[in-house]
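First up is the structure itself, then whatever we jot down about it.
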Amino acid sequence: MEAKSSKVHIAMFPWFAFGHMIPYLHLSNQLAQRGHTITFFLPKKAQSKLQHLNSHLHLITFHPLTVPPVDGLPPGTETASDIPRSLTHLLATALDRTSDQVEAALSTLNPDILFNDFAHWAPDLASQMGIKSIYYSVVCAAALRNVSVSVAPPGYPSSTVVLRPHELRLKESINKPYGEGVTFQQRHTTAMARCDAISYRTCQEIEGPICDYIGSQYGKPVFLTGPVLPKPSTLTPLQDRWAEWLGVFGSGSVIFCAFGSEYIMVQDQFQELLLGLELTGLQFLAALKPPLEAATLKTPHRRGSRRGSEGGAWSMEGGWRSRQY
C-alpha cells in the first residue's frame, strides 16, 4: 500500500499588522521549504508589501481579504499601520467581520491545519470543518501570561519573569473591549482554550519552563518554532549615503532605535526620546514615525545641544524603508 504523504496544506491567518504578518510569512517560508503548501490570508493592500518576502511562490499562495468598513475606522484602513493605536480595537472588529470570507475559503481549500492568533473564533470554525488549529503567537510566551509579582499562581516557574506593580497598568488595556463583545485578553485566552495546539516564536532555552506551564494550564501541546529569522537579504543593499555615514564609526559606537510602524508618539515624547539618545554621547540613528502633531519628519524639531546638528535641529529624513522582523 502506498504510504500517505507527509506533506500538508496549511492556512495562515495572522492579525492585520505587519509585525504579525511578516513573522507568519517567515514561518510559512520555513514550512514551504519542507515541501508543505501554504495559503496565506491577508488584507488586499498588504500583499504588495509582503510579496517580496515570499521565497516559495510555487507553494505559498496569498489569499486577499476585503476588509469591511467599520464605523469610526478611517476609509481604506486595512492594517494597524494605517491608524493610530487608539483605533486598533475597530480594526479588530473589521477582522472579525471577515469570518464569512475565511469560512468560504476554508470550505473550498480544505487545508489540514489553520494557524491564527487574534481571530478567537477561528479555532471553532476550523473544528467544524475538520481542520486542526494552532494558536501561533509571534510575541514571547511570558508577555501573554500577565503574571503579577504579588499574585503569581501556584506552579508558575519564575519569580522574576513577572509584571512589576507599575507594569500592572497593562491589565487596564487588555481588559478593555477589543472588537465587539470581546476584550483583548479574551481574544487570546479563548483562542488558546479552543485550539488543538499552542505555538510560540521562542526557544526552549529561553522560555521552556513558562511554555510548559502554559501547556499544563490549557491542557494543550506547545510547540516552539524558535525565532524563525530569515537569511540576511543581499537584494536590497544599504543606500550609499547610509553606508558611508555608518562606515565612519567603529563597531558598537552607533545606537539604532526603532519602535516599529505602529507606534506614534506625541511631540514631547518624540523630542524626549531623541534628547535621551543624545545624552548617551554616541551617534544614533532612529527610525520613527512622525509625532502626532507633525505631518512629516521634515517638520522642525527643537533639540538640546548642537552636537552634530544642522542649524540647531536634528537631521531628519522621511520615506518608506523596507525592513524585516
Side-chain angles (χ1 to χ4, degrees), residues 17-23 26 49 52-53 80-81 84-85 138-143 149 158 160-167 169-170 173 201-203 205-207 226-325:
F18 286 103
H20 290 245
M21 291 185 287
I22 291 176
H26 291 332
K49 293 182 178 180
H52 70 288
L53 297 177
S81 61
R85 196 173 187 87
V138 301
V139 300
C140 64
V149 66
S158 177
T160 56
V161 185
V162 292
L163 294 177
R164 269 46 185 180
H166 68 280
E167 296 172 320
R169 287 178 296 178
L170 289 171
S173 61
R201 190 178 63 149
T202 189
C203 305
E205 295 83 352
I206 298 175
E207 291 196 292
V228 197
L229 298 175
K231 294 180 180 179
S233 174
T234 58
L235 299 179
T236 53
L238 199 62
Q239 293 180 1
D240 289 343
R241 59 177 306 191
W242 298 117
E244 292 172 3
W245 185 80
L246 290 170
V248 174
F249 309 107
S251 176
S253 64
V254 178
I255 298 174
F256 177 68
C257 172
F259 282 5
S261 61
E262 294 180 27
Y263 192 80
I264 305 175
M265 292 174 278
V266 298
Q267 178 75 32
D268 287 346
Q269 292 174 323
F270 186 89
Q271 180 169 318
E272 287 300 313
L273 172 65
L274 297 184
L275 287 171
L277 290 171
E278 188 172 70
L279 287 173
T280 66
L282 298 173
Q283 299 292 333
F284 62 87
L285 183 62
L288 307 167
K289 281 231 174 177
L292 289 173
E293 298 90 338
T296 71
L297 282 176
K298 294 296 186 179
T299 302
H301 300 284
R302 297 182 60 190
R303 61 193 299 280
S305 72
R306 297 177 63 85
R307 180 186 62 81
S309 68
E310 297 180 3
W314 287 294
S315 178
M316 301 286 180
E317 293 291 335
W320 171 264
R321 296 286 182 271
S322 63
R323 75 279 193 206
Q324 293 184 339
Y325 288 79

If I take atom CG from residue Leu285 and atom CH2 from residue Trp242, how far apart are they, to the nearest 0.5 angstrom? 5.5 Å
Taken to the nearest 0.5 Å, the spacing of His26 NE2 from Arg201 CZ works out to 7.5 Å
Measure across Gly226 and Cys203 and return the closest heavy-atom pair with its distance rounded to 0.1 Å. CA-SG, 4.0 Å
Rounded to the nearest 0.5 angstrom, the CD-CD distance for Gln269 and Gln267 is 10.5 Å
Measure the OG1-CD distance between Thr280 and Glu278 for me, rounded to the nearest 0.5 Å. 8.5 Å
Within the distance-only criterion (no hydrogens, no angle test), does the side chain of Glu207 pair as donor or acceptor with the backbone N or O of Ala141 below 3.5 angstrom? yes
Pairs under 3.5 angstrom only: tabulate donor-acceptor contacts from the side chains of residues 244-258 to other protein residues two or more places apart or in another chain.
from   : atom 1 : to     : atom 2 : distance (Å)
Ser253 : OG     : Gly250 : N      : 3.2
Ser253 : OG     : Gly250 : O      : 2.6

